[in-house]
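The structure under discussion appears below in the form of structure tokens.
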Protein chains: 4
Amino acid sequence: MVGRPRSEESRRAILQAALRLCDRDGYPNVTLKAVAAEAGTGRQTLYRWWNTKADVLLEAMTTIVAPGLPPSPPDLRSFLMDTFALTDGVAGRVVVGLMAEAQSDPDLAERLRIGLIGPRRAALRGVLESSVSSHFNLDLIVDMIFGAMWYRLLNRHAPVDAALAEEITELVEAHLRRDTGRSRTSPRRSIRS
Amino acid sequence: MVGRPRSEESRRAILQAALRLCDRDGYPNVTLKAVAAEAGTGRQTLYRWWNTKADVLLEAMTTIVAPGLPPSPPDLRSFLMDTFALTDGVAGRVVVGLMAEAQSDPDLAERLRIGLIGPRRAALRGVLESSVSSHFNLDLIVDMIFGAMWYRLLNRHAPVDAALAEEITELVEAHLRRDTGRSRTSPRRSIRS
Amino acid sequence: MVGRPRSEESRRAILQAALRLCDRDGYPNVTLKAVAAEAGTGRQTLYRWWNTKADVLLEAMTTIVAPGLPPSPPDLRSFLMDTFALTDGVAGRVVVGLMAEAQSDPDLAERLRIGLIGPRRAALRGVLESSVSSHFNLDLIVDMIFGAMWYRLLNRHAPVDAALAEEITELVEAHLRRDTGRSRTSPRRSIRS
Amino acid sequence: MVGRPRSEESRRAILQAALRLCDRDGYPNVTLKAVAAEAGTGRQTLYRWWNTKADVLLEAMTTIVAPGLPPSPPDLRSFLMDTFALTDGVAGRVVVGLMAEAQSDPDLAERLRIGLIGPRRAALRGVLESSVSSHFNLDLIVDMIFGAMWYRLLNRHAPVDAALAEEITELVEAHLRRDTGRSRTSPRRSIRS
DNA sequence: CTTTAATCGAGACGGTACGTCACGTCTTAGG
DNA sequence: CCTAAGACGTGACGTACCGTCTCGATTAAAG
């Protein structure tokens with residue numbers, strides 16, 4: 001026997017309510033109780049399909065927000081512009097909240113790396129491969145670029161905006177360009193995700 | 001009249017209990033109730049002097065952990081070595097937890113910037129000033145170096161260790177050195193903290 | 001939609017736990033926390049349905065204890081015997097505690113008068129009407145009979161027992177009887193509850 | 001060594017503050033903390049000389065309020081008039097609060113009986129002895145008269161005023177007078193305080 | 001065209017941390 | 001040695017959210 005099928009309507013209502021509340025109250029102040037109420041759904045419906053707040057918002061990120069990312073951006077400048085633009089809104093708050101929660105939830109941490117962070121790292125690395133000298137440890141460059149972004153997202157001492165994208169692009173192209181690379185840095189080592 | 005003086009013993013017991021529980025259970029799983037119990041003090045004593053968990057741990061960082069920082073490190077390599085070494089332990093977990101909490105507490109965010117993050121930024125900038133060409137926007141370099149550190153602390157795709165310090169130092173000295181600087185990057189802009 | 005129905009089991013467990021603790025520790029020493037623990041229920045379940053300790057015990061009195069009262073006692077002697085018998089146990093402690101609390105809670109005071117005290121006054125008055133001369137102010141007689149009971153319950157200088165019932169009955173029947181009434185007392189005035 | 005003598009000023013300030021707060025907030029809402037603050041005295045000073053709230057108010061009653069009682073009232077009517085008049089004010093609230101507290105404090109109960117209730121019972125008994133036939137159990141009559149008073153003080157279904165004094169006096173004089181007493185009531189039994 | 005079964009909303013359940021309040025004790029400096 | 005001031009450890013308060021558990025009602029495939 002099969003029973004009543006899952007309501008797609010409830011699913012989307014819950015994901016969108018979660019994002020809406022994250023935007024309004026901030027990730028840590030969102031409760032699943034409030035999400036259910038905001039979505040106009042029962043609480044058990046929520047717990048039947050997700051286990052935690054992080055589960056809900058991770059799915060919301062990958063099914064609602066992520067599709068808005070640039071598919072295959074041509075150059076570093078556009079890649080950073082598009083990426084940074086996305087951080088200015090719910091997506092930024094959510095992803096920072098998820099990252100914070102992952103600090104004490106190893107399982108969530110891994111799903112974050114695999115589902116969200118890793119793919120973006122790979123994408124940036126792909127963009128860099130065509131413009132940065134192979135003498136450099138690309139993973140380190142990726143760390144420093146996305147690191148600057150995360151650092152500013154968290155500490156808010158400066159915005160993550162087009163100007164940052166521009167500055168980073170100029171720095172990379174002026175000093176790490178394929179033809180200008182005279183690196184004495186050590187050979188790259190393998191890195192997770 | 002004066003009344004009974006504040007118990008320095010209780011104060012230190014609470015700060016150390018908070019750090020201990022952070023180490024054991026992770027920042028978000030620490031409760032003030034448990035801190036009071038672990039410290040062997042009354043709960044009211046805790047609320048008398050601090051308002052939130054973040055308050056307690058921020059003071060713990062600045063009065064117990066921070067004094068362990070290098071006073072005036074000579075060069076970039078040692079500076080990063082010392083700094084990164086500190087992140088491997090309670091300090092890392094705490095500071096990440098504080099940063100996460102600051103996302104929805106603007107007041108805490110500012111105190112973090114002023115008391116913890118800003119001074120470290122200034123210190124790194126000071127070190128860079130003597131070795132990096134003035135053509136570069138030093139704030140951006142600081143963002144990228146500390147950014148890489150934060151990024152790895154949060155995402156844990158790679159360790160924040162001596163090797164990272166070494167790689168960053170080599171990259172900076174090889175390509176951004178004072179005498180080799182032929183930057184075409186845009187002029188620096190002012191940046192908060 | 002309806003939701004999960006209220007648990008009758010929890011309700012009775014709480015009421016009985018409240019009475020049990022009142023009996024053991026005395027009304028003022030009962031805490032709602034202890035009631036919940038004794039009843040094996042959550043604390044919130046208690047607060048969901050009652051606001052105060054007095055609320056709980058008032059309901060316990062009217063739904064558990066009161067049904068044990070004599071339905072329609074034939075004569076004054078039996079009425080007093082039955083009534084006084086009830087005061088020797090939890091009921092006495094509870095009702096005294098409620099009365100004490102009502103001194104600073106006008107709302108509780110009114111509910112006490114309407115739900116507990118008033119009906120007993122009416123019942124006693126009914127019994128007296130058939131045996132006491134209409135020359136007397138029955139409300140005053142009620143005050144003096146129940147007053148003696150309350151006075152002894154509170155001050156404990158003498159027991160509220162069958163002997164008291166006997167003495168009062170004799171006094172009333174010897175001197176206030178319908179046919180012997182030659183009262184010169186003033187006409188009755190109306191009295192609340 | 002003798003040290004500093006006890007401050008009589010503080011003592012009176014505390015007693016009066018306790019009465020004032022009882023009047024304003026009701027006995028159960030008075031806290032010793034508030035009494036000390038109201039009296040402008042330290043909290044320890046209070047605890048040094050009294051153990052409980054009841055202690056303070058019992059002393060306040062016996063040293064401040066009681067002296068206002070009629071010394072040797074001539075007849076039942078004046079005795080009741082004077083007595084009832086006193087219940088309309090702080091004294092009523094305090095004595096009811098003490099009585100309530102005594103329900104779970106046997107020691108306080110006894111001090112109440114000895115220091116406050118017993119003497120008044122004896123006084124009323126003395127008045128009755130000269131006007132009521134010796135055939136009656138005077139303790140029962142005392143119980144019924146003071147009982148009516150307490151009952152009304154607590155339940156507030158009717159005032160404790162001059163009218164009540166008048167009605168009781170008339171009832172007693174009309175039906176229990178020395179020369180009219182043809183009582184068939186049982187012989188008196190001994191009664192505590 | 002009725003079962004049958006899993007879903008839906010609603011909402012009560014036993015827990016637990018929250019931040020506040022009053023308790024009664026203690027530890028200061030000052031009279 | 002008493003006084004005021006006030007911090008101390010304790011424990012109940014009433015609130016909020018947790019994740020689980022019943023409910024009656026709904027929905028669709030299987031019999």
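Residue numbering restarts at 1 for every chain, and letters A, B, ... go by the order of the sequence lines.
- Nearest-nucleotide positions on DNA chain F place B:P5 closer to the 5' end than the other of C:Y47 and B:P5.
- For A:T41, the listed nucleotide lying nearest its side chain is E:dG9; candidates were E:dT25, E:dA22, E:dG9.
- When each of A:A34 and C:K33 is assigned the nucleotide of DNA chain F with its nearest heavy atom, C:K33 is the one assigned upstream, toward the 5' end.
- With DNA chain E read from its 5' end, the first of the two nearest nucleotides for A:S10 and D:T52 is the one closest to A:S10.
- The side chain of A:W49 contributes no N or O atom lying less than 4.0 Å from OP1 or OP2 of E:dA6.
- To the nearest 0.5 angstrom, D:W50 atom CH2 is 10.5 Å from D:L57 atom CG.
- Around the CD atom of A:Q16, the shell of radius 6.0 Å holds more than 12 heavy atoms that belong to other residues, nucleotides or ligands.
- Ranked by how close their nearest DNA chain E nucleotide is to the 5' end, D:Q44 and A:A39 are led by A:A39.
- The nucleotide whose nearest atom lies closest to any side-chain atom of B:R4 is, among F:dG6, F:dG19, F:dG14, F:dG6.
- Ranking F:dT15, E:dC13, E:dC18 by closeness to the C:T45 side chain, first place goes to E:dC13.
- Considering only the side chain of C:V2, F:dC23 comes nearest among F:dC8, F:dC23, F:dT20.
- Atom CG of D:L32 and atom C1' of F:dA5 are 17 Å apart (whole Å).
- Atom CG of B:L46 and atom P of F:dC8 are 10 Å apart (whole Å).
- With rounding to whole Å, B:N29 atom CG is found 15 Å from E:dT16 atom P.
- Checked by distance alone, A:R43 brings a side-chain donor or acceptor within 3.5 Å of a matching partner on the base of F:dG19.
- The existence of a salt bridge linking D:R11 and D:E8 is confirmed by a sub-4.0 Å separation between a basic side-chain nitrogen and an acidic carboxylate oxygen.
- Using a 4.0 Å heavy-atom criterion, one finds that D:W50 contacts no nucleic acid atom at all.
- Atom P of nucleotide F:dG9 and atom CZ of B:R11 are separated by 15 Å, given to the nearest angstrom.
- Under 3.5 Å, the side chain of C:R6 and the base of E:dG11 form no donor-acceptor pair of N or O atoms.
- Here F:dC21 presents its P atom at 22 Å from CD of C:E8, a figure rounded to the nearest Å.
- Seen from the ring of B:W49, B:R6 counts as a face-on cation partner, given the 6.0 Å and 45° thresholds.
- Atoms CD and OG1, on A:E38 and A:T31 in that order, are 10.5 Å from each other to the nearest 0.5 Å.
- Look at CZ on B:R48: it is 8 Å from P on F:dG9, rounded to the nearest Å.
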